[in-house]
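A quick note: this is a predicted structure, and the numbers were derived from the prediction, not measured. We're numbering straight along the sequence, starting at 1.
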Amino acid sequence: MLFTFISCFATISLKITIVSDEQSKKLASDVASSILSLIPQNVLVTIEMDGATPTSNASALTEEEHSLSFSVSYDATRNTYYGSWLEFDSVVYSCSYSPKEERPYREFVRECAHYPLEKAALRLLVNGQFEKYLRVTYHPSVDEYSSFSPDGELFAFITDRLNGNRNIALLNLTQGTLKVLPVHGSSEYFPRFSPDGSRLAFQGSLHGFWNIYVMPIEDHARNIVLISAGNAPAYSPAWLDNNTLLYVQDTEAGNAMYQATLARRRTKLDMEGFDMVFSPAAHDGTIYFVGLKEANFGIYALTPEGSVVCVEDGFYNEHDPAISPDGRYLAYSCNCLGYYAIWIKDLQTNDKWCLTEELKQDAFYPSFSPDGRLVAFSASEGLFEPDVWFVRFFKPSDSQGQFSLP
């Protein structure tokens with residue numbers, strides 16, 4: 001059996017061979033269908049099953065070709081399916097599933113399908129060969145809370161694809177490779193690169209409850225430093241400068257924002273008038289944050305002079321502030337369309353526009369690339385957990401006719 005899928009103007013070619021035993025033929029077919037239904041634009045996919053001889057497509061010109069094989073088998077003794085992806089005769093990913101598990105069968109199919117999908121997407125990302133949107137992750141795990149390194153070489157996000165525990169994943173944007181940085185005994189959230197790119201701040205549970213930590217990129221697990229103090233949960237770190245962090249911590253009255261140096265000198269910031277505060281982000285000494293007032297969420301800014309000003313507080317809730325590298329644009333999530341989408345506000349003109357309206361699915365946690373040309377975010381697809389997407393930054397004056405959904 002041979003499946004061929006061609007996206008117009010393909011630049012990446014995937015040649016996939018799937019081998020299965022008799023009991024796994026339906027699973028093999030479902031995995032092939034999942035790959036074909038989700039493959040990004042600009043990718044040629046040829047899937048060979050059951051030993052069929054593939055036919056060539058001379059009209060499809062591609063710049064890169066990758067050959068992969070997937071083997072799947074069923075062990076009746078254990079009532080378990082086993083799947084493995086191979087490249088250059090080496091196993092690069094393995095997974096298993098038993099019908100007795102609580103997770104749905106569709107998640108195992110997606111786990112089997114994610115490897116070639118992510119490989120193709122990462123090659124498109126590295127080469128810049130995508131139009132408006134590019135979905136980067138396809139694993140059924142949670143993938144969210146992203147951050148770019150200052151030099152644009154690395155991209156951090158949270159994933160629970162490694163044994164179900166939430167860890168920091170590092171995507172190399174020049175090589176298209178992905179690795180997970182486990183911190184044993186902890187779950188991690190909100191990875192944030194330091195301004196010099198040498199460290200990551202994150203929210204973790206290494207001491208049994210949520211704290212703020214800093215660790216180096218190199219040899220990460222051996223040099224973790226605790227920044228927050230006390231037994232109350234602390235969360236949502238952000239860098240004010242290369243030596244100073246911001247974070248939020250629960251209090252008896254609600255919560256408060258703190259400023260702490262790497263030497264762990266902590267100061268509570270004066271932000272009166274809010275029931276609670278969340279999600280700090282800083283640019284040139286100004287601290288942007290989400291403020292809650294009487295069940296309404298808005299985005300505010302604490303200026304270097306100590307005054308608090310309203311940045312965006314409409315009828316609908318605004319969350320997840322991120323500031324462009326030049327300080328001109330605010331990215332945030334808002335549910336004014338009936339679902340959460342990523343919006344941009346020009347802080348000079350007050351113009352606002354939506355970056356992700358066509359996706360028609362909830363999108364959160366935007367982050368700007370260092371050159372301001374890309375905005376990363378997380379979006380949920382139907383019954384699956386969030387995945388990482390990229391969208392090219394645009395202004396309303398830009399022509400959008402050239403763009404289309406993947």
Under 3.5 Å, which donor-acceptor pairs link side chains of residues 252-259 to any protein atom two or more places apart or in another chain?
from	atom 1	to	atom 2	distance (Å)
Asn255	OD1	Val277	N	3.0
Asn255	ND2	Tyr235	OH	3.2
Asn255	ND2	Val277	O	2.7

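Residues meeting the side-chain hydrogen bond (donor to acceptor under 3.5 Å, both in side chains) test with Arg103, sequence neighbours left out: Glu101, Glu111. Take Tyr81 and apply the ring-ring contact (aromatic ring centres under 6.0 Å, His included) test, not counting sequence neighbours, and it matches Tyr74.
Within a 6.0 Å radius of CZ in Arg106, more than 12 heavy atoms belonging to other residues, nucleotides or ligands are found. Counting non-hydrogen atoms of neighbouring residues, nucleotides and ligands closer than 6.0 angstrom, the NZ atom of Lys15 reaches no more than 12 such neighbours.
For residues 153-170, every residue pair satisfying the salt bridge (charged side-chain N to carboxylate O under 4.0 Å, His left out) rule, not counting sequence neighbours, is listed here: Glu118-Arg161, Asp143-Arg161, Glu144-Arg166. Screening residues 26-43 for salt bridge (charged side-chain N to carboxylate O under 4.0 Å, His left out), with sequence neighbours left out, gives Lys26-Asp30. Within the structure, every pair that satisfies the salt bridge (charged side-chain N to carboxylate O under 4.0 Å, His left out) test and touches residues 221-248, not counting sequence neighbours, is listed here: Asp219-Arg222.
Taking the ring centre of Phe274 as origin, the terminal cationic atom of Lys293 falls inside the region bounded by 6.0 Å and 45° from the ring axis. Figure legend: Arg392 and Phe130 shown as a cation-pi pair, the cationic atom lying under 6.0 angstrom from the six-membered ring centre and within 45 degrees of its axis.
A donor-acceptor contact shorter than 3.5 Å is absent between the side chain of Thr137 and the backbone of Asp387.
A salt bridge links Glu381 with Arg110: the closest approach of a Lys/Arg side-chain nitrogen to an acidic carboxylate oxygen falls below 4.0 angstrom.
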